[in-house]
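One structure is given here, and the rest of the page talks about it.
Residue numbers count from 1 along this sequence. Hydrogens, waters and symmetry mates are skipped; everything else that's a heavy atom, side chains included, is used.
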Amino acid sequence: MGRSKPIEPPSGPLTDGVVAVRLRRESDLGAIMAASHDPESLRWLTDPPMNDETRQTSLARVAEAWETGTAAPMMIAAAETDEPVGIVNLQFRDDDVAAIAYSVFPAHRGQGIAPRAVEVVSAWALGELGLTQLLLEADEGNAASLRVAEKCGFERIGTRTDETGRKMAVFARFAS
């Protein structure tokens with residue numbers, strides 16, 4: 001799955017003045033690695049925690065995702081300080097549809113960062129990238145992610161059971 005061509009990254013950070021979504025950098029990897037071991041993150045995400053080996057290949061895998069059209073992994077940063085506060089990723093199903101996934105680092109949760117990041121990435125994806133549909137899937141037990149989906153105007157379109165047996169709520173947002 002993915003796009004039929006490489007994904008053109010945004011020309012600069014996507015921002016609302018509070019958060020900035022930008023390309024990942026080497027200097028972000030320590031924060032990503034630390035957050036990947038957080039028990040709350042591990043509860044909801046299916047990716048294994050980052051280790052030294054995956055850290056060394058992380059930026060190459062990110063570049064490959066952009067080049068192959070499979071995904072657009074980005075960093076969520078504080079707009080004023082550029083401090084990394086989370087990650088966001090578009091995972092392309094085809095040329096017109098992608099799923100959005102995100103995680104806010106533990107010290108920054110509860111500050112409204114996830115909805116802000118989802119909004120700026122959604123606007124870019126449904127606008128500049130020309131996608132017709134964005135999907136957002138959240139574990140039925142993850143109240144915070146369910147609120148993000150609703151707050152950002154995603155419409156619940158169903159449920160599915162993932163490969164680990166978890167019941168996932170499926171939301172969609174369409175281009176206007």
Inset, instruction - Taking all heavy atoms of Val120 and all of Leu14, pick out the closest pair and write down the distance. - result: CG2-O, 4.0 Å

Legend entry - Gly69 versus Phe92, closest heavy-atom pair with distance: O-CB, 3.5 Å

Inset, instruction - Go through the side-chain N and O atoms of Ser36 and Arg55 and say whether any donor and acceptor fall under 3.5 Å apart. - result: no

Legend entry - Over all atoms of both residues, closest heavy-atom pair of Ala72 and Trp66: CB-CH2, 3.6 Å

Inset, instruction - Identify which one of Ile87, Val88, Val148, Ile113 satisfies the side chain to side chain contact (heavy atoms under 4.5 Å, CB included) criterion when paired with Val104. - result: Ile113

Inset, instruction - Kindly say whether Thr132 contributes a backbone atom to a donor-acceptor pair with the side chain of Asp96 at under 3.5 angstrom? - result: no

Inset, instruction - Measure the OG-CD1 distance between Ser41 and Ile32 for me, rounded to the nearest 0.5 Å. - result: 12.0 Å

Legend entry - Student check: side-chain heavy atoms of Glu26 and Leu59 closer than 4.5 Å: yes

Legend entry - Pairwise distance CG(Asp95) to NZ(Lys5) - rounded to 0.5 angstrom: 6.5 Å

Inset, instruction - Taking the side chain as every heavy atom from C-beta outward, state whether Phe171 and Cys152 have any atom pair closer than 4.5 Å. - result: no

Legend entry - Note, Phe174 side chain near Leu126 side chain (heavy atom, < 4.5 Å): no

Inset, instruction - With the side chain counted from C-beta on, respond yes when Asp162 and Asp139 share a heavy-atom pair under 4.5 Å apart, and no when they do not. - result: no

Legend entry - Close side-chain approach of Ser145 and Tyr102, heavy atoms under 4.5 Å: yes

Inset, instruction - Evaluate the side-chain proximity of Thr57 to Glu64: yes if any heavy-atom separation is below 4.5 Å, no if none is. - result: no

Legend entry - hydrophobic_cluster_shared for Leu146 and Ile100, side chain cutoff 4.5 Å: yes

Legend entry - Heavy-atom pair with the smallest gap, counting every atom of Val19 and Thr15: O-OG1, 2.6 Å

Inset, instruction - For the residue pair Arg3 and Leu129, establish whether any side-chain heavy-atom pair is separated by less than 4.5 Å. - result: yes

Legend entry - Shared hydrophobic cluster, Ile157 / Leu134 (ILVMFWY, side-chain heavy atoms < 4.5 Å): no

Inset, instruction - Locate the shortest heavy-atom distance separating Ala71 from Ile7; write the atom from each residue and the value. - result: O-CD1, 3.2 Å

Inset, instruction - Indicate, with yes or no, if Leu23 and Trp124 share a hydrophobic cluster defined by side-chain heavy-atom contacts under 4.5 Å among Ile, Leu, Val, Met, Phe, Trp and Tyr. - result: yes

Legend entry - ILVMFWY cluster, Met75 and Leu90 together (side-chain gap under 4.5 Å): no

Inset, instruction - Show your working on side-chain contact (heavy atoms from CB on, under 4.5 Å) between Arg93 and Gln133 and close with a plain yes or no. - result: CA-CA 10 Å; Arg93 305 288 169 91; Gln133 182 183 37; over 6 Å; no

Inset, instruction - Taking all non-hydrogen atoms of both residues into account, name the closest pair between Leu29 and Ser58 and its distance. - result: CD2-OG, 3.6 Å

Inset, instruction - Check step by step if salt bridge (charged side-chain N to carboxylate O under 4.0 Å, His left out) holds for Glu137 and Arg160. - result: CA-CA 9 Å; Glu137 295 184 357; Arg160 73 172 187 87; 2.7 Å; yes

Legend entry - Side chain proximity check, Arg25 to Asp82, heavy atoms < 4.5 angstrom: yes

Inset, instruction - May I ask you to decide whether Arg173 forms a salt bridge with Glu119, counting only side-chain N to carboxylate O separations under 4.0 Å? - result: yes

